[in-house]
Amino acid sequence: MKILVTGGTGYIGSHACVELLNAGYEIVAIDNFSNSKPEVVQKIKEITKKEFIFYEGDVCDKDILNKIFKENKIDAVIHFAGFKAVGESVQKPLKYYRNNLDSTLSLLEVMTEFNCKKIVFSSSATVYGQPKSLPIKEDFALSTTNPYGSTKLMIEDILRDLYISDNTWSIALLRYFNPIGAHESGLIGENPNDIPNNLMPYIVKVAIGQLEVLSVFGNDYDTPDGTGVRDYIHVVDLAKGHVKAIEKVLKDSGVDAYNLGTGKGYSVLELVNTFMEVNDVKVKYQIVDRRPGDIAACYADAMKAKLVLNWQAEKDIKQMCKDAYNFVKKQK
Ligand code: NAD
Ligand code: UFG
């Protein structure tokens, strides 16, 4: 079976490529390196000791997609490619709508032309907006608070409409909670060049001395220690969820959403303290005002993925902290 992975050199895409190759799938990957580096292609090969075909190009460009589908018999697609920075999406909404929607529409049109109707899509827990209760289930009401989230919800709608128009499609909408950590080899992971927006990359940069102090956004939330609670999931567990989702779409038609999280919530301070403890390193932090748009707590009910996909997260928060630090230390 041959799987096309868009955004294949990105943070989650690269880990998914590794798990797909390890599981015996052939893969073809495409990325335009707008948020990743060419050397990741080699790292994936180094980890897996397997070869795959890589195309440098833009998923919005139907010519390169046509070329890929002509040159390879693609059985299913995992669509990671897209922009993901919430704050930037508020400043530059058109950039986000253009890239995330255009890439998906081009991809779906070319897939239709080549009669490849199986897709796994990278959605996000952001589509739940402010959840009415916790843990969050897949049938909760959907809403968004920023342009990035709106692109995810719009794409989910596009995919649901596509299935209504033609029920031979097989579509899995994977709603990720908060992926952190890195491959145990330390060869692939997440290390943004700019000042990170997300918690774990920021913690790591403070730990290695590239940034001075972590700002903890608020300690007056209605949570056990007052800081925000999230469902952190190891990126390798998340990647394995994609292998299970591919098995499902290869087998059954339909359109279904799945939460990929651990089902457990940890606060900002719990994550920072665990990081310091397992890595024996100091992370200086200060409490500052809440970040606008943040919710107090967010964690998954991950039972549907367990029951239907036969997947559940296995790695704990300590492993996530160890692997995140190990990766970034190796980049220095
Ligand atoms: P990432 O930025 O590391 O990976 C995305 C990859 O897509 C990058 O390598 C980038 O160069 C590439 N890309 C972007 N636009 C492209 C285009 N038009 N053509 C070709 N390549 C393009 O992000 P990630 O964390 O790996 O996220 C992957 C997907 O998962 C994204 O769709 C993201 O929105 C979604 N997601 C991520 C998170 C998270 O916290 N990381 C949470 C929920 C959902
Ligand atoms: N936080 C800090 N300081 C920081 C960064 C974050 O205190 O420097 C706090 C936040 O207030 C929040 C928690 O750490 O309580 C996690 O924040 P992140 O920015 O790491 O993650 P979010 O939950 O805000 O959002 C992430 C992605 C979204 C995605 C969402 C759900 O950025 O794209 O997870 O998957 F939609």
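As the structure lists them, so they are numbered: ligands from 1, and atoms in each ligand from 1.
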Distances for all N or O pairs of ligand 1 and the protein under 3.5 Å?
residue, atom, partner, partner atom, Å
ligand 1, 2 (O), Asn35, ND2, 2.7
ligand 1, 3 (O), Tyr11, N, 2.8
ligand 1, 9 (O), Gly10, N, 3.3
ligand 1, 9 (O), Asp31, OD1, 3.2
ligand 1, 9 (O), Asp31, OD2, 2.6
ligand 1, 9 (O), Ser36, OG, 2.7
ligand 1, 11 (O), Asp31, OD1, 2.6
ligand 1, 11 (O), Ser34, N, 3.0
ligand 1, 11 (O), Ser34, OG, 3.2
ligand 1, 11 (O), Asn35, N, 2.8
ligand 1, 15 (N), Asn99, ND2, 3.0
ligand 1, 18 (N), Asp58, OD1, 2.9
ligand 1, 18 (N), Asn99, OD1, 2.8
ligand 1, 19 (N), Val59, N, 2.9
ligand 1, 21 (N), Asn32, N, 3.2
ligand 1, 21 (N), Asn32, OD1, 3.2
ligand 1, 25 (O), Lys84, NZ, 2.8
ligand 1, 26 (O), Tyr11, N, 3.2
ligand 1, 26 (O), Ile12, N, 2.8
ligand 1, 32 (O), Phe80, O, 2.8
ligand 1, 32 (O), Lys152, NZ, 2.8
ligand 1, 34 (O), Tyr148, OH, 2.7
ligand 1, 34 (O), Lys152, NZ, 3.1

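Using a 4.5 Å cut-off on side-chain heavy atoms (C-beta onward), Phe52 and Lys45 make contact.
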Under the side chain to side chain contact (heavy atoms under 4.5 Å, CB included) rule, what do Tyr128 and Arg175 come out as? Steps first, then yes or no, please.
CA-CA 9 Å; Tyr128 295 113; Arg175 296 179 182 153; 2.9 Å; yes
Audit row: Asp323, Lys315, salt bridge (charged side-chain N to carboxylate O under 4.0 Å, His left out) steps and yes/no
CA-CA 11 Å; Asp323 290 339; Lys315 294 177 187 284; 5.2 Å; no
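For Val328, the side-chain contact (heavy atoms from CB on, under 4.5 Å) criterion is met by Asn191, Val204, Ile208, not counting sequence neighbours. Lys248 meets the salt bridge (charged side-chain N to carboxylate O under 4.0 Å, His left out) test with Asp252; sequence neighbours excluded.
The one candidate from Asp58, Ile30, Val110 that meets the side-chain contact (heavy atoms from CB on, under 4.5 Å) condition with Ile64 is Ile30.
Each of Val86, Ser124, Ala125, Thr126, Tyr148, Tyr176, Phe177, Asn178, Asn197, Asn198, Leu199, Leu214, Ser215, Val216, Phe217, Gly228, Arg230, Tyr232, Val268, Arg291, Asp294 has a non-hydrogen atom positioned under 4.0 Å from some atom of ligand 2.
Taking the six-membered ring for Trp and the full ring otherwise, the centers of Phe83 and Tyr96 sit less than 6.0 Å from each other.
One side chain, Asn72 or Tyr55, offers a donor N or O that lies under 3.5 Å from an acceptor on the other.
Electrostatic pairing of Lys118 and Asp75 does not count as a salt bridge here, judged by no charged N lying under 4.0 Å from a carboxylate O.
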